[in-house]
2 protein chains.
Amino acid sequence: MTTPESKKPTPDHARNLFAAHGLKLTHQRLEIYSELTAACDHPCAETVWRRVRERVPTISLDTVYRTLAVLREHGLAARVPMDGDTARFDGDISPHHHLACECCGRIDDLPISEFDPAALQESVAGWGRVRDAQVVIRGICCRCLESGAGDRGLADGEPAPVPGESAKIQ
Amino acid sequence: MTTPESKKPTPDHARNLFAAHGLKLTHQRLEIYSELTAACDHPCAETVWRRVRERVPTISLDTVYRTLAVLREHGLAARVPMDGDTARFDGDISPHHHLACECCGRIDDLPISEFDPAALQESVAGWGRVRDAQVVIRGICCRCLESGAGDRGLADGEPAPVPGESAKIQ
DNA sequence: TTCGGTGCAAATTATTTGCATCTGG
DNA sequence: CCAGATGCAAATAATTTGCACCGAA
C-alpha cells in the first residue's frame, strides 16, 4: 500500500454499474475503478497505474489513461480542477471541495458546509448549464511549512522535493 | 484585436512594478504583461504569444512561457485552477472566481459575493497556509448549448469544435 | 462470433532547458 | 560593464493514437 486508503472499496457492484453504462467489465477496468474509488489522494494516471500493477503486472499505462477517460465520460470519475502539470483524478463524484498544496502537490478533500453551490444558481443563470461547482483552495500544507520546503512558495503540480517524503508523483 | 479587451491596460506603471520586484523591464515583458492584464479571457501561453507577436513579431514562444513563469513567481499573474490540458493565465490577481465551459474551453470571471473565503478560515486552520481560495464552476456555456456542441457533454481544455467559432486555442 | 478493450510502440502536444548573444540598469 | 533576458533549437514529460490480437457478452 503506497498510501492510506480509507473509503470502502467497490466490491462487485461495479459489475452492475458498468453494465448500466454499456461498458464491458474487464479485469483491468475493475482494478482501476476499485483503486480509484478506494484512493483518497486524488492520484494521477501514473500513480493509479503503479498501484494497479501490483495486482495486474501486465497492465499498460495507456489502458489506465483510456479507462480513466471512459470513466469520466460516463460520470463515474472526475478530474480535479487544479493547475498542476499532471491530471489528478477523483473516484468520488459527489459534490465536494478541494485543498491543494502548491509545494508537494498533495490534494485533499475540503470538508466544509459553509458553501452551498445552490446559492449562486441565479448568478450563473444566464451563463449556461452548470455541471459542477466547488471551492478550490491552494496553499502550502503544514508538512511543507514545517520542513521548510514551502519557503520559496510558488510552483504547482509536483514541485519541490519534500525532505522525508517521496513527493514528485502523486 | 483577437478578442474583446475590457480592463484598463497597464500604461507604464509596470515600470515601477517591475523595478519593485527587481525585474528588468524589457520590451517583451512589457508587452506580455500589458496583453495579459488587458485580456479578459484567461489566455494560454500560445494565445498570449500570438497576440503579442502582432506588435513584437520577433518574440519567441519560450520567452512568453518564461515571462509568465516569472510573473507568477512574483505574484503578478496567476494560473487558473482548471482541468484542461493547457495552462490558462490570469493577469487579475485580486481574489475572484471562475466559470469554465467544458465544451469550448472559454473561461470567464464569476461575479459573485455570496462566497466569502474568510468564512472557512477555521476549517482550513490545521491544514497549512492558504494562498488562494476561489469557487470554480464547470459546465456548458449557453453558446455551446445553442449550437448543440454541448450535446456530448464531457471533454475539457479546448475540445469539440463550436460551429461559427474558432475555438481550439484560447 | 463479434465488437469493444488491451498492449505495444510510435506520434502529438505542451512546456522546459542549454547555450550563445544581447541589453537594461 | 554584467547579470539577467532573449531567441533558437533540442530535450522532456504527459497524454494520445494506430494497429493487430484478445476476451467479455
Side-chain angles (χ1 to χ4, degrees), chain A residues 12 14-33 43-50 52-53 56-74 79-80 82-89 105 154-159 168-170, chain B residues 12 14-33 43-50 52-53 56-74 79-80 82-89 105 154-159 168-170:
Chain A
D12 83 322
R15 176 151 264 104
N16 311 305
L17 192 58
F18 275 53
H21 285 271
L23 297 172
K24 283 187 179 177
L25 193 277
T26 63
H27 181 36
Q28 294 92 325
R29 286 184 169 177
L30 178 58
E31 293 299 335
I32 291 172
Y33 183 65
C44 65
E46 197 171 330
T47 296
V48 171
W49 179 55
R50 262 203 313 288
V52 172
R53 260 212 304 190
V56 190
T58 60
I59 196 171
S60 68
L61 178 57
D62 51 68
T63 289
V64 174
Y65 272 112
R66 269 187 275 234
T67 299
L68 288 174
V70 167
L71 291 176
R72 280 210 313 138
E73 285 165 14
H74 289 265
R79 222 166 119 172
V80 182
M82 207 51 68
D83 58 327
D85 40 6
T86 56
R88 302 289 288 268
F89 299 85
L154 219 272
D156 52 45
E158 289 84 24
K168 201 51 189 167
I169 294 180
Q170 281 298 314
Chain B
D12 83 322
R15 177 152 263 103
N16 311 306
L17 193 58
F18 275 54
H21 284 271
L23 297 172
K24 283 187 180 178
L25 193 278
T26 63
H27 181 36
Q28 295 92 325
R29 286 184 169 177
L30 178 59
E31 293 298 335
I32 292 172
Y33 183 64
C44 65
E46 197 171 330
T47 295
V48 170
W49 179 56
R50 262 202 313 287
V52 171
R53 258 210 307 187
V56 190
T58 60
I59 197 172
S60 68
L61 177 57
D62 50 69
T63 288
V64 173
Y65 271 111
R66 268 188 275 233
T67 299
L68 289 173
V70 168
L71 291 176
R72 281 211 310 138
E73 284 166 13
H74 289 264
R79 223 165 118 172
V80 182
M82 207 51 68
D83 58 328
D85 39 8
T86 57
R88 301 290 287 268
F89 299 85
L154 220 271
D156 53 46
E158 290 81 25
K168 200 51 187 168
I169 294 181
Q170 279 299 314

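Under 4.0 angstrom from either OP1 or OP2 of C:dT6 there lies no side-chain N or O belonging to A:Thr63. Taking 4.0 angstrom as the limit, A:Tyr65 places a side-chain polar atom (N or O) nearer than this to OP1 or OP2 of D:dT15. Between A:Gln28 and C:dG7, a side-chain N or O to OP1/OP2 separation shorter than 4.0 Å is present. Residue B:Thr26 places none of its side-chain N or O atoms closer than 4.0 Å to OP1 or OP2 of D:dG4. Taking 4.0 angstrom as the limit, A:Arg29 places a side-chain polar atom (N or O) nearer than this to OP1 or OP2 of C:dT6.
Of all nucleotides listed (C:dT15, D:dT15, D:dG7), D:dG7 comes nearest to the side chain of B:Ser60. The A:Leu23 side chain lies nearest to C:dG5 when the options are D:dA25, C:dG5, D:dT15.
If you take CD1 of A:Ile59 and C1' of D:dC22, they are 15 Å apart, rounded to a whole angstrom. The distance from atom CG of A:Leu25 to atom C1' of C:dC3 is 17 Å, rounded to the nearest whole Å. Computed from coordinates, the B:Phe18 CZ to D:dA3 P distance equals 22 Å when rounded to whole Å. Across the protein-nucleic acid pair, B:Tyr33 atom OH and D:dA5 atom P stand 16 Å apart, rounded to whole Å. Here the P atom of nucleotide C:dG5 and the NE2 atom of A:His21 are 14 Å apart, to the nearest Å. Nucleotide D:dT16 holds its P atom 9 Å from the CZ atom of A:Arg72, rounded to whole Å. Taking atom CD of residue B:Glu73 and atom P of nucleotide C:dT15, one finds them 16 Å apart after rounding to whole Å. Here D:dA14 presents its C1' atom at 15 Å from CG of B:Asp83, a figure rounded to the nearest Å.
In the interface, the side chain of A:Arg66 is not paired with the base of C:dG4 through any donor and acceptor atom under 3.5 Å apart. Taking only distance into account, the side chain of B:Asp62 meets the base of D:dA9 through a donor-acceptor pair shorter than 3.5 Å.
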Checklist entry - After noting the C-alpha distance and the side-chain angles of A:Ile59 and A:Ile32, does the key distance pass the side-chain contact (heavy atoms from CB on, under 4.5 Å) rule? => result CA-CA 10 Å; A:Ile59 196 171; A:Ile32 291 172; 3.8 Å; yes

Checklist entry - Could you walk me through whether B:Val52 and B:Val64 pass the side-chain contact (heavy atoms from CB on, under 4.5 Å) check? => result CA-CA 9 Å; B:Val52 171; B:Val64 173; 5.6 Å; no

Next on the checklist: Using the rule given for side-chain contact (heavy atoms from CB on, under 4.5 Å), can you reason through A:Phe89 versus A:Leu71, listing the C-alpha separation, both sets of side-chain angles and the distance that settles it, and then say yes or no?
Outcome noted: CA-CA 10 Å; A:Phe89 299 85; A:Leu71 291 176; over 6 Å; no

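Nearer to the 5' terminus of DNA chain D, by closest-nucleotide assignment, is the contact made by B:Lys24 (compared with the other of B:Lys24 and B:Thr58). Nearer the 5' end of DNA chain C, as judged by each residue's closest nucleotide, is the contact made by B:Leu61, out of B:His27 and B:Leu61.
One distance of note links CG of B:Leu68 with CD of B:Glu73; it measures 11.0 Å at 0.5 Å rounding. Taking CG of A:Asp83 as the reference point, atom CG of B:Asp83 lies at 11.5 Å (rounded to 0.5 Å). Separation of atoms CD (A:Glu31) and OG1 (A:Thr63) is listed at 13.0 Å; rounding is to 0.5 Å.
As judged by a 4.0 angstrom heavy-atom cut-off over every strand, B:Ala45 is placed among residues making no nucleic acid contact. Residue-level contact check: A:Ala19 touches neither bases nor backbone, having no heavy atom under 4.0 Å from any strand.
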